[in-house]
Colleague: 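Shown below is the structure under consideration.
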Amino acid sequence: MRIATWNVNSLKVRLPRVEEWLALRGPDVLLMQETKLADEAAPLLPLRMAGYDLAHHGEGRWNGVAIASRVGIEDVSLGFDGEGPAADGARFIAATCGGVRVISVYAPNGRALGTPFYAAKLDWYERLAAWLSGHADPRADLVLGGDLNVAPEDADVYDPRVYIGTTHTSGPERAAFRELLDWGLVDAYRRHHPESGRFTWWDYRAGNFHKGLGMRIDHLLVTRSLAERSTGAEIDRDARKGKLPSDHAPLWLDIERDGEGPA
DNA sequence: ATGGTCGCGCAGCGA
């Protein structure tokens, strides 16, 4: 089973790139973020033509998360339980695909340390952790993926000195990220790639992609049962190239089916 | 050169 995540930065603009990428890499499940669409505008038919069902949670204009699956999609939930879909800013969608509970999240950016936006980011992480504690089991198969807007280690940025005093690498953000790991999730990409300098996002400006100036802020966090069955993970830098790219690259993880050997 | 580029939507904000 191949599970991928991609901040597409407008599914409307990116649809051709997404269709192309689905055909190329053939993920069973694709978690998307920043679709920037209202639910009525979600491209259900084009994805259906590509063989995927789509569950979408959007508010239009900003944010918006989705799950595309070619192995079924059931028990869709929008937003953190108890808050209702409107309260989460269209940053959380969960569904069961091929027997695995998958969650697509788009963490708040935080903008700058000490701002209300930064406080809201940390608060969102607390609510995410509370949701996990209340509604998920670390012993079950679960994937929490998306744009978490945190580079968990210094190895996840091109130069840690550049980020001193900024968001994405601050102590409280990294502590919030580590709380997810402490709950029972494993950073699936790191399990396969210990090396530094592997990024999922590069600023559009100043040729940063071509200069290799990026951050690893998109993640696939999986419970141990899945981590033990994972056979590989890759960031697809090629998808950041070419015509009309997102500023994020997709990331995927391959998992053996439960039971009898590789899928 | 004290910016740089996108997407949204039609000014200027957010990332």
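On a predicted model such as this, the values are computed, not experimentally measured, just so you know.
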Colleague: For nucleotides B:dC10 and B:dG14, find the distance between their C1' atoms and express it as a whole number of Å.
Modeller: 16 Å
Colleague: For A:His57, what residues pass the ring-ring contact (aromatic ring centres under 6.0 Å, His included) criterion, not counting sequence neighbours?
Modeller: none
Colleague: Between B:dG7 and B:dA11, how far apart are the two C1' atoms, rounded to whole Å?
Modeller: 14 Å
Colleague: Give me each pair satisfying ring-ring contact (aromatic ring centres under 6.0 Å, His included) with a member in residues 82-110 of chain A, each pair once, sequence neighbours excluded.
Modeller: A:Phe80-A:Phe92, A:Phe92-A:Trp131
Colleague: If you measure from the P atom in B:dC6 to the same atom in B:dA1, how many Å do you get, rounded?
Modeller: 23 Å
Colleague: Going 5' to 3' along nucleotides 6-15 of chain B, which nucleotides have protein heavy atoms under 4.0 Å from the base (write B), which only from the sugar-phosphate (write S), and which from neither (write -)?
Modeller: SSSS----SB
Colleague: Going by ring-ring contact (aromatic ring centres under 6.0 Å, His included), name the residues that satisfy it together with A:Tyr189, two or more places apart in sequence or in a different chain.
Modeller: A:His193
Colleague: For A:Phe209, which residues count as a ring-ring contact (aromatic ring centres under 6.0 Å, His included) partner, sequence neighbours excluded?
Modeller: A:Trp202
Colleague: May I have all residue pairs that pass side chain to side chain donor-acceptor pair (under 3.5 Å) and include part of residues 64-74 of chain A, sequence neighbours excluded?
Modeller: A:Asp28-A:Arg70
Colleague: Would you say A:Thr200 and A:Arg216 are linked by a side-chain donor-acceptor pair, where the criterion is simply a distance under 3.5 Å?
Modeller: no
Colleague: Distance between the C1' atoms of B:dA15 and B:dG4, in whole angstroms?
Modeller: 14 Å
